[in-house]
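This report concerns only the one structure given below.
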Amino acid sequence: MLKEANGNNKSSMTMIVEGREVALHFSDEPNTQIVVKIKQALLGTYLAAKE
């Protein structure tokens, strides 16, 4: 399930992940610190699953 909403120059998306509702909110300006944290989390999860 995926819902998208736009309003007040903000974009958001709501989805269901493993039975839990997750809301994502996007800004117009990139945040490189968050990108690095997400990348590290994804790589860590991938490496843990390979072991």
Side-chain angles (χ1 to χ4, degrees):
M1 173 179 246
L2 182 65
K3 297 184 250 178
E4 293 183 30
N6 294 322
N8 298 335
N9 294 329
K10 291 184 180 179
S11 297
S12 65
M13 179 187 307
T14 304
M15 65 180 80
I16 305 296
V17 177
E18 295 183 3
R20 296 180 185 259
E21 187 171 309
V22 177
L24 304 172
H25 300 275
F26 304 95
S27 71
D28 293 333
E29 299 177 20
N31 186 339
T32 56
Q33 293 174 344
I34 295 298
V35 172
V36 170
K37 288 182 181 183
I38 291 171
K39 186 176 179 181
Q40 290 173 344
L42 290 173
L43 287 172
T45 302
Y46 173 75
L47 292 174
K50 287 198 75 146
E51 292 180 353

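As a basis for the values below, the full set of heavy atoms in this structure was taken, side chains included, without hydrogen atoms, waters or symmetry mates.
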- Cluster question for you: counting only ILVMFWY and a side-chain heavy-atom cut-off of under 4.5 Å, with indirect links fine, are Phe26 and Val22 together? yes

- Message: Taking Ile38 as the starting point, is it possible to reach Met15 by hopping between hydrophobic residues whose side chains are less than 4.5 Å apart?
- Response: no

- Message: So, taking the atom named CG in Asp28 and the one named OG in Ser11, what distance separates them when rounded to the nearest 0.5 Å?
- Response: 7.0 Å

- Message: Nearest 0.5 Å, please: how far is OG1 in Thr45 from NZ in Lys50?
- Response: 14.0 Å

